[in-house]
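Here's the structure, in structure tokens; my notes come after.
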Amino acid sequence: MRQMKFVDALREGMIEEMRRDPDVFQIGEAIGGMQGGIFGVTKGLEEEFGKDRVIETAISEGALGGVAVGAAAFGMRPVVEIMFGSLMTLVVDEVHNQAGSLYYVSGGKIPCPMVIRTCNWMRIISGPHHCGNLDATFMNSPGVKLVIPSTPYDAKGLIKASIRDNDPVVFMEYSPLYTLKGDVPEEEYIVPIGKADIKREGKDVTVITYGVGVHDALGAAEELEKEGVSVEVLDLRTVLPYDKDAIRKSVAKTSRVVITYEGYKTGGIGAEIAAFIAEECIEDLSAPILRVAGKDVPCPSNRRLIEGISIGMKDVVDAIRKLMA
Amino acid sequence: MRQMKFVDALREGMIEEMRRDPDVFQIGEAIGGMQGGIFGVTKGLEEEFGKDRVIETAISEGALGGVAVGAAAFGMRPVVEIMFGSLMTLVVDEVHNQAGSLYYVSGGKIPCPMVIRTCNWMRIISGPHHCGNLDATFMNSPGVKLVIPSTPYDAKGLIKASIRDNDPVVFMEYSPLYTLKGDVPEEEYIVPIGKADIKREGKDVTVITYGVGVHDALGAAEELEKEGVSVEVLDLRTVLPYDKDAIRKSVAKTSRVVITYEGYKTGGIGAEIAAFIAEECIEDLSAPILRVAGKDVPCPSNRRLIEGISIGMKDVVDAIRKLMA
Amino acid sequence: MQPTSGEMLGIYETMLLIRTTELKMVELFKKGEIEGHMLPCLGQEAIPASLAKVYADTDYLVTGHRGGGHYVARGCDYNALWAELYGRVDGVTKGRGGQIHLMDMTKKAMTGNAVVGQQWGIATGAGFVARKRGVMVVAVGGEGSTNRGVFHESLNMAAVQKLPILYVIEYNDRQMWNVCSETTAGERIATRALAYGMEGASVDGNDVLAIHAKAAEFVRKIREGSGPCLLECITAKWTDSVSNLRNLPENVEAMKKPDFDPVLRFETRLRIDGVLTDSLDLQIKENVRQKLQGALSFALASPVPDRYDGIDEVYSQPV
Amino acid sequence: MQPTSGEMLGIYETMLLIRTTELKMVELFKKGEIEGHMLPCLGQEAIPASLAKVYADTDYLVTGHRGGGHYVARGCDYNALWAELYGRVDGVTKGRGGQIHLMDMTKKAMTGNAVVGQQWGIATGAGFVARKRGVMVVAVGGEGSTNRGVFHESLNMAAVQKLPILYVIEYNDRQMWNVCSETTAGERIATRALAYGMEGASVDGNDVLAIHAKAAEFVRKIREGSGPCLLECITAKWTDSVSNLRNLPENVEAMKKPDFDPVLRFETRLRIDGVLTDSLDLQIKENVRQKLQGALSFALASPVPDRYDGIDEVYSQPV
Ligand SMILES: Cc1ncc(C[n+]2csc(CCOP(=O)(O)OP(=O)(O)O)c2C)c(N)n1
Ligand SMILES: Cc1ncc(C[n+]2csc(CCOP(=O)(O)OP(=O)(O)O)c2C)c(N)n1
Ligand SMILES: [Mg+2]
Ligand SMILES: [Mg+2]
């Protein structure tokens, strides 16, 4: 099958949707020209679709959030790029209060088909204002969907689904994944929102994760296979609303759970997943639910210090070993 | 002992701190005059302390958040009122990115002694932009403290501790509690940040909660006592960082946990508490961890519909009965 | 370009309908027959009524929290308004949003929001749609909302993109308990437009013809591609909210003067000009009365929602 | 009120120190000896150097992301700057913040932030403190940051409260890959002040004496209680970030012209005026060289932090 980089697959998904539907447009800071945003995701789009559909803006995140809601409410399909994840702090009202409540509070009359894309710029040496991860901020927002792909295939399929979706979607990318290569079919396809994906089957432990975490988990699974431990890797893909059935099934099978995610541990996405399991699947568990996540320390601008607070494959391995002990 | 309303105790705490320390000041929208904010919390403060220490502002929440950080960094102790809880969406960057990281990222050199007070305006008929509860938004913010009192005594003691604290504190009140009366000593006292409080001892079930939830839990405990069920009510008081020891001890004693809070269930504060227990105390548990929380539905402006989505004492009773069955 | 006599009578009728609607709302709230948070635009009726004669049916309307008058003036579903106030299933938002979230998208009217200032960003988004569809946006908010940063971000973005948006400021010098001298710097809100190279003007917001004239001029320019303009209408609200009725005319003598009462003022003007006769006035008032009566009956006949109504409408598509 | 010869030489030395520091930073980054995100102010040195001679030692300084020059001009710990760039424990933030979070509160200087525009709100908070302590605030940001709403909220609040704040805009017509014509409406940023009844002015930001004169005038007014003023300095940055060095003079011919190089321009001026002689110049350059050498040695002698350093410094008090 065709091999593609994550960033190219994602872009291809957006291009297909823009060709299909003239009401889809892109807006954000420095997204135009041949640059196409700091990560090049929208590279070349302006050339094909023009300045009216690939709209450059000032540093005005609040207005960008508002534009998403307003353009969606009045019938277009905006795709907003927020330059990096820690700036999502600046659109919380627009997502949580405005977009999240609109369909319900309008009596089911005003859908809000908007996508806010951003990139969690992790593992770079740039300090806490650049390396944040605001995913958990949108976990307590009814009406909002939170989609986080881990592979080129999912990135393309999920961005297409997100653009077509009639509800507001926060779509989070992870900078270390952009260059990742993977299978991407030539034929059109969609990855449905709300469905998790078993990225690797296993029977002893389930690692529940999303985004970059998936790759840590897959690495850990491979490592542990050598020791005879069979690890299932459950990629949530849609983090809100998350796929409860998939979690239930996997937990029933393995009875052990590790949740891993790159954000700060306390109050992170993993909290909800663990709480759900502790509430609805506790009888299936034979061990504590472990969370492998970043330390609760603002990201420093220093390689050594980053080592001290961040997680990786090894930490997932350690957690699994602990559970199997 | 002296009986006082929650709102008066809270105000008294702030007045004492303003008298004690000339660097404490209040700032917010409509907080001055004899009105003292929509809930009257700062009533009369302008008269005593003048317009320089009780500062009226425009509808500019972003600047208010910035003022908190800047005034704190340069050595004063701002107390900011954000008019109601669902507007906390507008200060997420100031709290999460700026205040939360400042002490750490300055190399432990710039403390940020600010308090942002707000009121979760629950159980009123006013729609989703007024009745939100953004507590969970600040649960994934290292460096931030989240304090939520449930009684007049705690309100006074905790606001004093929060103002004296050298870290940024988000202080959340609940409108239904303002008129609640309770014991408040004449002598000065402080309630330490970071310490939970057993509001009622019990041995069969622990209800972990905070804010208004404490009163639902206490009501439920009383109700269930008649049936011979002994309920322990653990009031977190400081929600971040929360008191892990207190939780551990209580869970070890009762082996059953209900967590109740007024916000939306998914991704709420209860998720973190449940996840902590599922990670560190699972061996002590003899039952699933139940969360009794609001439905994941934006708050409607309609009494009947509010009934359909909100929780109360009865729901806590039901959850406990389920655990005891 | 003064409105025709017919248009003027239309504006007058709209003002009366808003006035009658909101006084009824206040009355029923006081009696406890309807409940919730409600923000009347009593005293400001000239603005929605005049604007509605200037923009086209195909244009978009976005307001903030005090949008009830605009909802009515726009011709949004009037029966559904009353069903909404009564919290019934036939309410325009099925009884969910209440008075501060009135929205009727069949009329392209988002006339509700309760986070002050957020309408400016939303209107900017509507502006991109309007530009594509060849229509324009009328965006409305109080002067207090212009102190929110998103107002400034929106004006800048709209000016750069030359979006077809008429920004309308309802300047009533009050933000809940605050007055502008405590909160708002600069002489006039209209000057805030200049920072973005945008045209701005202030008019007497209790004077129908002044509003109409300037709004019509701006709308023409906008349709010709000028980009956004800003119209500040100086007015006075009689009351902030139904739960805080201190300033109603029955309480405050000054409010009874024609200057404070745009309806009375316009009526006087129409009579002096010979546009309004006694018999016409009677007929218009009867129209308004019937419309209100019809809507009240409609509302009261509409069922109260089931308490679980809507819990499956948080997402538009099942997940 | 022109600076004295001594002050001018001081400004020149500061500019040279900034220039030398940042060129070294670029060089070491290219060599891979230091790493991370760094935003030089090459080409903009006139602004920090001139301002530092206008405000007092007791005043407060708050900048955005491009604050390195202001850190140096303010006289913040120079050795600690280099230890910071090397990520060592003696860095001004113990190697945690890096170049975009340089802050030295012993000098009342918060010269780091990476969320564009947030410095405006923070500076407003500092303004309340300054008002109480009888000092003033110098707040600095790029023109792009004035499109963030909080800029507007801050100007309005500062104007209403008559806070002693000098807002300084470093207008370099670039926001990463964007130019102002794509993003920013209105003629000059200085006019944005007018909306709040605040005085604003634009000066040639590569001209030391122009900046100095206008800033000194504003500072005097502010100390006399005028409330805030806004000074826009038109300049050009040579490069956006160390990881994107396209515009360095070695690459772009135009950058070698004195107009584009404020250091060269000021040097020429000082020579024409007879203030700077060859021997003085040598001495100044030697001072700068020694300062840099000393700091580099200091930095390299400082230990690399333990990987767990700071995980117990998230809160200032144990909980
Ligand atoms: C962002 C925000 N801050 C504060 C409030 C509380 N609030 C509701 S209405 C209002 C005053 C609004 O004043 P203005 O914009 O002038 O409109 P008016 O009510 O006078 O029509 C305030 C402060 C809010 N709803 N949203
Ligand atoms: C709120 C926010 N949006 C976007 C960015 C990404 N960003 C970093 S610097 C920059 C350009 C800033 O331009 P300007 O304010 O003119 O300052 P300059 O870099 O030109 O000195 C942008 C968009 C950011 N850091 N913060
Ligand atoms: Mg007003
Ligand atoms: Mg710039």
Side-chain angles (χ1 to χ4, degrees), chain C residues 115-124 127 141 143-163 165 167 169 171 173 175 178-202 226-230 232, chain D residues 115-124 127 141 143-163 165 167 169 171 173 175 178-202 226-230 232:
Chain C
V115 181
V116 169
Q118 296 307 76
Q119 75 268 32
W120 302 123
I122 292 172
T124 308
E143 83 291 346
S145 71
T146 74
N147 293 325
R148 286 280 328 282
V150 68
F151 173 71
H152 155 106
E153 296 187 357
S154 297
L155 260 62
N156 180 61
M157 195 179 287
V160 168
Q161 294 284 337
K162 285 189 175 295
L163 297 181
I165 306 180
Y167 292 101
I169 312 301
Y171 184 104
D173 196 27
Q175 306 106 50
N178 286 119
V179 295
C180 280
S181 58
E182 294 174 301
T183 60
T184 308
E187 274 307 301
R188 291 255 59 91
I189 303 301
T191 58
R192 298 191 174 190
L194 307 182
Y196 311 103
M198 185 187 304
E199 232 190 294
S202 288
S226 69
C229 298
L230 188 149
E232 178 182 24
Chain D
V115 181
V116 169
Q118 294 307 75
Q119 75 268 33
W120 304 121
I122 291 172
T124 308
E143 84 291 346
S145 72
T146 75
N147 293 325
R148 284 280 329 283
V150 68
F151 173 71
H152 155 107
E153 296 188 357
S154 297
L155 260 61
N156 180 61
M157 196 179 287
V160 169
Q161 294 284 336
K162 285 189 174 294
L163 296 181
I165 306 180
Y167 292 101
I169 312 301
Y171 184 104
D173 196 27
Q175 306 106 51
N178 286 120
V179 295
C180 280
S181 58
E182 295 174 300
T183 61
T184 308
E187 274 308 299
R188 291 255 61 90
I189 302 300
T191 59
R192 297 190 175 190
L194 307 182
Y196 311 103
M198 185 188 302
E199 232 189 296
S202 288
S226 70
C229 299
L230 187 148
E232 179 182 23

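Side-chain atoms are counted along with the backbone in the values below, which use heavy atoms only and exclude waters and symmetry mates.
Taking every heavy atom of both residues into account, C/E153 and D/G149 meet most closely at OE2-N, 2.6 Å.
Taking CG of C/N147 as the reference point, atom NE2 of D/H152 lies at 6.0 Å (rounded to 0.5 Å).
Judged as a salt bridge (Lys or Arg N to Asp or Glu O under 4.0 Å), and not counting sequence neighbours, C/E182 has no contacts. Considering only residues two or more places apart in sequence or on other chains, C/E143 meets the salt bridge (Lys or Arg N to Asp or Glu O under 4.0 Å) condition with none of them.
For chain D, the nearby part of C/T146 is the backbone; its heavy atoms alone come within less than 4.5 Å. Only the backbone of D/S181 comes within less than 4.5 Å of a heavy atom of chain C; no side-chain atom from C-beta onward does.
Options D/Q161, D/E187, D/R148 differ in how many heavy-atom pairs under 4.5 Å they form with chain C, and the most are formed by D/R148. Highest contact tally toward chain C, considering only D/I189, D/L194, D/T191, D/T184, is held by D/T184 [criterion: heavy-atom pairs under 4.5 Å]. For chain D, the option among C/A185, C/G186, C/A195, C/G197 with the highest count of heavy-atom pairs below 4.5 Å is C/A185.
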Criterion side-chain hydrogen bond (donor to acceptor under 3.5 Å, both in side chains) on C/N156 and D/R192, from CA distance to verdict: CA-CA 11 Å; C/N156 180 61; D/R192 297 190 175 190; 3.1 Å; yes
